[in-house]
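Data first, discussion second: the structure below is written as structure tokens.
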There are 2 protein chains.
Amino acid sequence: MGDRTKPGSGAIVTSASAPATSAAAVGGRSLDHPTRDEIRIETVLHALSDPMRLRVVRELAAADAELTCSRFDLPVSKSTTTHHFRVLRESGIVQQVYRGTAKMNGLRRDDLEALFPGLLDSILDAANRQVQRIGEDR
Amino acid sequence: MGDRTKPGSGAIVTSASAPATSAAAVGGRSLDHPTRDEIRIETVLHALSDPMRLRVVRELAAADAELTCSRFDLPVSKSTTTHHFRVLRESGIVQQVYRGTAKMNGLRRDDLEALFPGLLDSILDAANRQVQRIGEDR
DNA sequence: ACCGTAGTTTGAGATTCTTCGTAGTTTGAG
DNA sequence: CTCAAACTACGAAGAATCTCAAACTACGGT
């Protein structure tokens, strides 16, 4: 899985020169998401197998709206939070868009439902049941 | 892992004196499985996020019967196969029992269904759809 | 222009995972 | 008892993950 290959251009954005007109510089920052047909079940399951990420997805589903990263009060540092959101985005579970300084996060329900009908809901349901059972949250 | 000693709960196989009349001693070797209420959604998802293990579970579901480890023709070594079956057992997805020199593997459908209704089926369905779509199997 | 908020990147440490080969154990058969 | 078959256990190597702190970039207001 690992694919730390940076998003936009070829990492040469080291600012040695050309600070302004970089490829990704057009509208601002670019975030690349997998297209619908690039989403893989193994990757989705892996992304959701982390407690922190599963929790984010549960909150996102409960809110049923786009939320900024900072709305989530996770017990980890900012950089770790960024990391988890990145995994969720690269797996195709969430969609991220910049709006000002904030980054909005939304579930890709349509894509997931089209590829894997019922999967997301049954995982969310399973997670909710487990929290009810043993309340291991937060 | 660095610690092959079984994970959660411990207790049981304390073997202070390991009398012959131990529950597990009946047929010979003992394999400890998590009890139903020890099964965790994160662990289940993690176990199924590996292509090899997902494949094993798919075959097991398709066969709808107990199969020996050697029935699976995985493209990995035997010790790796043992490892994957162990992960599946410790996550609570499969149940393993010795029968002669063979080890029978069966899905714990009842337990999973009781804890997470519909989860296993929707994951299997998702996996099947993906194989149909891009045939990345074997 | 300056500052604060929001998030990213880089580099690091610690842990865990996947995989393997080799050596052992257990069981059933001859 | 000895053998083959079926697994397990024990390292070990290499990759991937999770986590953090520190330094950085982007955007919006005052």
Side-chain angles (χ1 to χ4, degrees), chain A residues 1-9 11-15 19-20 22 24-32 42-43 45-56 67-91 96-105, chain B residues 1-7 24-32 42-43 45-56 67-91 96-105:
Chain A
M1 260 162 240
D3 194 9
R4 227 117 229 72
T5 46
K6 79 297 130 236
S9 53
I12 315 173
V13 193
T14 41
S15 77
S22 177
V26 182
R29 291 155 279 185
S30 74
L31 294 168
D32 51 41
E42 308 93 318
T43 312
L45 295 179
H46 172 249
L48 295 176
S49 71
D50 181 278
M52 222 57 78
R53 292 191 292 259
L54 184 53
R55 181 165 144 180
V56 165
L67 298 178
T68 63
C69 290
S70 49
R71 296 278 282 194
F72 298 86
D73 184 32
L74 304 178
V76 293
S77 72
K78 251 192 327 182
S79 33
T80 302
T81 301
T82 295
H83 161 69
H84 285 309
F85 274 103
R86 194 230 275 262
V87 172
L88 286 173
R89 169 168 49 81
E90 292 182 341
S91 70
Q96 299 186 300
V97 170
Y98 280 107
R99 223 174 74 191
T101 75
K103 188 153 83 168
M104 307 306 295
N105 297 274
Chain B
M1 240 171 270
D3 189 24
R4 235 119 218 73
T5 51
K6 98 301 122 240
V26 179
R29 295 155 277 184
S30 74
L31 294 166
D32 53 43
E42 309 93 323
T43 313
L45 295 179
H46 172 248
L48 295 176
S49 72
D50 182 278
M52 223 55 78
R53 293 191 292 257
L54 183 53
R55 182 165 143 181
V56 165
L67 299 178
T68 64
C69 290
S70 50
R71 296 279 281 195
F72 298 86
D73 183 33
L74 304 177
V76 293
S77 73
K78 236 169 6 157
S79 33
T80 301
T81 301
T82 295
H83 161 70
H84 284 309
F85 273 103
R86 190 221 275 268
V87 173
L88 286 172
R89 169 168 49 81
E90 292 182 341
S91 71
Q96 298 186 301
V97 170
Y98 281 109
R99 223 174 74 191
T101 75
K103 187 153 80 171
M104 307 306 294
N105 296 276

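Heavy-atom basis, side chains included; hydrogens, waters and symmetry copies ignored. Computed from a predicted model, the values in this text were never measured in an experiment. By convention in this document, chain letters (A, B, ...) are assigned in the order of the sequence lines, proteins followed by strands, and residues within each chain are numbered from 1.
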*dA6(C), dT17(D), dC7(D): which one has an atom nearest the side-chain heavy atoms of Ser70(A)?*
dA6(C)
*So which nucleotide does dG13(C) pair with, by the Watson-Crick or G-U wobble rule with both distances under 3.5 Å?*
dC18(D)
*Leu48(A) to Leu54(A) - nearest heavy-atom pair and separation*: O-CB, 3.7 Å
*Strand partner of dT30(D), provided both Watson-Crick or wobble distances fall under 3.5 Å*: dA1(C)
*Heavy-atom check, side chain of His84(A) versus side chain of Asp50(A), under 4.5 Å*: yes
*Reckon Arg53(A) touches a base, only the sugar-phosphate, or nothing at all at heavy-atom distances under 4.0 Å?*
sugar-phosphate
*Any donor-acceptor pair under 3.5 Å between the side chain of Thr82(A) and the base of dG7(C)?*
no
*Return the 5'-most residue of the pair Met104(B), Val76(A) with respect to DNA chain D, ranking by each residue's nearest nucleotide.*
Met104(B)
*asked:* Partner lookup for dG28(C), please. Criteria are Watson-Crick or G-U wobble with both distances under 3.5 angstrom; report none if nothing qualifies.
replied: dC3(D)
*To the nearest Å, give me how far apart CZ (Arg86(B)) and C1' (dC7(D)) are.*
12 Å
*Check the distance between dG28(D)'s P and Arg99(A)'s CZ and give it to me in whole angstrom.*
11 Å
_Nucleotide dA6(C), atom P - distance to CZ of Phe72(A) in whole Å_ = 14 Å
*Write down the distance between CD (Gln96(A)) and P (dA6(C)), rounded to a whole number of angstrom.*
16 Å
*Thr80(A) side chain to Val76(A) main-chain N or O, any donor-acceptor pair under 3.5 Å?*
no
_Check: Ser79(A) side chain, dA21(D) base, donor-acceptor under 3.5 Å_ = yes
_I want to confirm an ordering. Mapping Lys78(B) and Thr81(A) to their closest nucleotides on DNA chain D, which one lands closer to the 5' end?_
Lys78(B)
*So, do Phe72(A) and Leu67(A) sit near enough that their side-chain heavy atoms are less than 4.5 Å apart?*
yes
*Considering only heavy atoms from C-beta outward, does the side chain of His83(A) approach that of Arg86(A) to under 4.5 Å?*
no
_Contact under 4.0 Å: His83(A) side-chain N or O vs dT9(C) OP1/OP2_ = no
*Respond yes when some side-chain nitrogen or oxygen of Ser77(B) is under 4.0 Å from OP1 or OP2 of dC20(C), and no when none is.*
yes
*Of all the nucleotides listed (dG7(C), dC7(D), dT19(C)), which has the minimum atom distance to the side chain of Cys69(A)?*
dG7(C)
*Grab the CD-P distance between Glu42(A) and dT17(D) for me, whole Å please.*
13 Å
*Please give, in whole Å, the distance from dT19(C) P to Phe85(B) CZ?*
13 Å
_Leu31(A) CG - dG7(C) P separation (whole Å)_ = 12 Å
*Report the distance from atom CG of Leu88(A) to atom P of dC18(D), rounded to the nearest whole Å.*
10 Å
*Report yes or no: do Ser79(B) and Thr82(B) form a side-chain donor-acceptor pair below 3.5 Å?*
no
*Thr101(B) has a side chain; which of dT27(C), dC20(C), dC7(D) sits nearest to it?*
dT27(C)
